[in-house]
Structures are given as structure tokens and as C-alpha cells.
2 protein chains.
Amino acid sequence: MEIEKTNRMNALFEFYSTLLTEKQMNYMEMYYADDFSLGEIAEEYDISRQAVYDNIKRTEKILEEYEKKLHLFSDYIVRGELLESLKKYASETYPKDTTIIKYIEQIQEVEE
Amino acid sequence: MEIEKTNRMNALFEFYSTLLTEKQMNYMEMYYADDFSLGEIAEEYDISRQAVYDNIKRTEKILEEYEKKLHLFSDYIVRGELLESLKKYASETYPKDTTIIKYIEQIQEVEE
């Protein structure tokens with residue numbers, strides 16, 4: 001499996017898994033997060049390897065469509081970079097000020 | 001129309017309208033954002049008042065379900081309050097520092 005694709009799917013899954021069906025969730029989690037093979041998932045659910053494959057391909061498209069419409073992942077990246085830059089600036093400019101850092105960390109925690 | 005309900009629906013619409021069908025979008029926008037009556041929407045689309053009503057009620061539920069699953073609106077509120085507090089703290093504590101304020105404003109712009 002491509003590592004880049006795997007990382008992206010795991011990230012999109014973090015944001016949109018609640019919009020998937022239970023079956024879609026299970027297959028995606030086993031395949032992308034837990035590194036099961038298509039054959040192993042097929043065996044586990046007693047269905048064909050092709051059915052698992054089709055379901056996963058379809059779910060990948062669904063996740064990409066949600067990202068296109070809601071861009072939660074890309075917003076998260078942009079916001080995260082800005083927060084990190086602000087954190088760096090504040091801790092270098094005002095090394096004794098812990099208040100700013102606490103605010104930044106609270107903001108970072110909102111999406112988790 | 002209750003003002004609280006109207007405000008909430010307009011807010012949820014801001015976050016999730018891209019997940020709705022064109023018809024759902026149009027009815028919600030006319031009813032909640034532009035204050036058309038059910039009768040006026042019905043006339044505009046040449047369908048029954050009841051059909052418009054049912055569609056809007058159904059769409060309200062869909063928006064609330066998305067919020068329950070993704071909580072974009074409530075996250076936005078929490079993050080917004082933290083960013084405002086941080087802004088206030090920074091501008092009071094370091095009134096000459098414009099860098100922090102610029103970062104905060106960039107972060108606020110990410111979701112718009």
C-alpha cells in the first residue's frame with residue numbers, strides 16, 4: 001500500500017468517519033488503520049474479496065467528496081501551521097509568558 | 001418565526017449547506033435567510049405549501065444530524081471564544097505587538 005494514500009485515508013477517516021455506515025467504518029479501519037489485507041477482511045466478514053475491495057474504493061470516494069465539500073482536513077492543516085507559528089513566535093518573544101501558550105493549546109484541543 | 005431557531009438554522013446552513021441537495025438549499029435559504037413564507041416558496045416552485053413545509057422540516061433534521069456528528073458549529077463557537085480571549089489578552093499585555101494579532105486574525109479567517 002502507498003504510504004501517502006494510507007496517511008490521507010486515515011486522516012480523512014478521522015474527520016468524517018461519523019458520516020459513514022458501520023460496515024464502511026469497519027472495513028476502512030481494518031484496511032487502513034490496522035493493516036489487514038483484503039483477503040483477511042473478506043474472511044472475517046465472510047464475503048468475497050471483491051466485495052470488500054469495492055466497498056473500500058467507494059468509501060474512499062465518499063471521504064474525498066466530503067473533504068471537497070467541507071475541507072475539514074485542509075482547514076485543520078492550515079490552522080495547525082498558523083497555531084504552531086504563533087506558538088513559536090510567542091515562546092521566543094515572551095519566554096516567560098505561559099498564558100499565550102495555554103490559550104494556543106486549548107485552541108488546538110478543540111478539534112480532537 | 002422564532003428568532004433563536006432562525007439564527008441556529010442559518011448558522012448550521014453556513015456550515016453544512018454543501019451537503020444538501022439544490023432543492024433543500026433553495027428552500028432553506030428562501031425560508032430562513034430571505035424570510036419568504038411557505039406560501040411564497042410554494043408559489044415560486046409551483047408545488048404545495050405542505051410539500052415545502054415537509055422538505056424544510058426534513059432539512060432541519062438533516063442539519064441537526066450533521067451537527068451532532070461533526071459539531072462544526074459548536075467547535076467554531078468554542079474556538080472563536082478562545083481566539084477572542086487570546087486577542088484581548090495579547091492586545092492588553094503587549095499593546096505594541098501587532099504580530100500576535102495578525103496570527104489570530106489569520107486563524108479566524110481559515111473557516112470563512
Side-chain angles (χ1 to χ4, degrees), chain A residues 11-25 28-29 59 61-112, chain B residues 11-25 28-29 59 61-112:
Chain A
L12 295 184
F13 188 81
E14 283 296 309
F15 287 97
Y16 304 113
S17 68
T18 55
L19 300 179
L20 300 176
T21 67
E22 211 187 315
K23 198 167 76 176
Q24 289 168 335
M25 263 194 235
M28 288 299 279
E29 199 148 36
T59 308
K61 275 197 191 136
I62 291 171
L63 291 176
E64 289 290 358
E65 277 161 30
Y66 280 131
E67 176 62 9
K68 207 169 158 189
K69 288 175 177 173
L70 297 173
H71 38 82
L72 299 186
F73 178 42
S74 64
D75 283 0
Y76 171 82
I77 297 291
V78 174
R79 195 159 43 227
E81 284 168 358
L82 288 166
L83 284 164
E84 281 306 324
S85 301
L86 172 56
K87 206 174 185 174
K88 189 169 179 290
Y89 171 80
S91 60
E92 283 172 4
T93 317
Y94 311 108
K96 286 179 188 157
D97 189 321
T98 56
T99 308
I100 294 179
I101 306 300
K102 267 184 210 149
Y103 273 122
I104 295 171
E105 284 169 357
Q106 276 182 284
I107 294 164
Q108 286 173 323
E109 275 162 26
V110 174
E111 3 220 332
E112 280 159 23
Chain B
L12 295 184
F13 188 82
E14 283 295 310
F15 287 96
Y16 305 112
S17 68
T18 54
L19 300 178
L20 300 176
T21 67
E22 210 187 317
K23 198 167 75 174
Q24 289 169 336
M25 263 194 236
M28 288 299 279
E29 199 148 34
T59 309
K61 275 198 190 133
I62 291 171
L63 292 176
E64 290 291 358
E65 278 161 29
Y66 280 131
E67 176 62 9
K68 208 168 157 186
K69 289 175 177 173
L70 298 173
H71 38 84
L72 300 186
F73 178 42
S74 64
D75 284 0
Y76 171 82
I77 297 290
V78 174
R79 196 160 44 229
E81 284 168 359
L82 287 165
L83 285 164
E84 281 306 323
S85 302
L86 173 55
K87 206 174 186 174
K88 189 168 179 290
Y89 172 79
S91 59
E92 284 172 4
T93 316
Y94 310 108
K96 284 179 189 157
D97 189 319
T98 56
T99 307
I100 294 180
I101 306 300
K102 265 183 211 152
Y103 273 122
I104 296 171
E105 285 168 357
Q106 275 182 285
I107 294 164
Q108 286 172 323
E109 275 163 27
V110 173
E111 2 219 332
E112 282 159 23

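Just so it is clear, the values below take in all heavy atoms, side chains as well, and ignore hydrogens, waters and symmetry mates. In what follows, chains carry the letters A, B, and so on, assigned in the order in which the sequence lines appear, proteins first and then strands, with residues in each chain numbered from 1. Note that the structure is a prediction, hence the values are computed from the model and not measured.
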How about A:Glu14: does its CD atom have over 12 heavy atoms from other parts shown lying under 6.0 Å from it?
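No, CD of A:Glu14 has 12 or fewer neighbouring heavy atoms, counting only those of other groups under 6.0 Å.
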Option among B:Ile62, B:Thr59, B:Leu63 that satisfies the side chain to side chain contact (heavy atoms under 4.5 Å, CB included) test with B:Leu12:
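Only one option passes, and that is B:Leu63.
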Polar side-chain atom of B:Gln108 near backbone of B:Glu84 as donor-acceptor pair, under 3.5 Å
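Between the backbone of B:Glu84 and the side chain of B:Gln108 there is no qualifying donor-acceptor contact (under 3.5 Å).
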Taking the side chain from B:Thr93 and the backbone from B:Ala90, do they hold a donor-acceptor pair closer than 3.5 Å?
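Absent.
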Do you know which of B:Tyr89, B:Tyr94, B:Tyr16 has the most heavy-atom pairs with chain A at a distance under 4.5 angstrom?
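Counting heavy-atom pairs under 4.5 Å, the top option is B:Tyr94.
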Can you say whether B:Tyr66 sits under 4.5 Å from chain A via the side chain, the backbone, both, or neither, judging by heavy atoms?
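When you check distances to chain A, only side chain atoms of B:Tyr66 fall under 4.5 Å.
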Structural part of B:Ser17 lying under 4.5 Å from a heavy atom of chain A:
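Neither part, no heavy atoms under 4.5 Å.
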Is A:Leu83 close to chain B through its backbone or its side chain, or both, or neither, when contacts mean heavy atoms under 4.5 Å?
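Both backbone and side chain.
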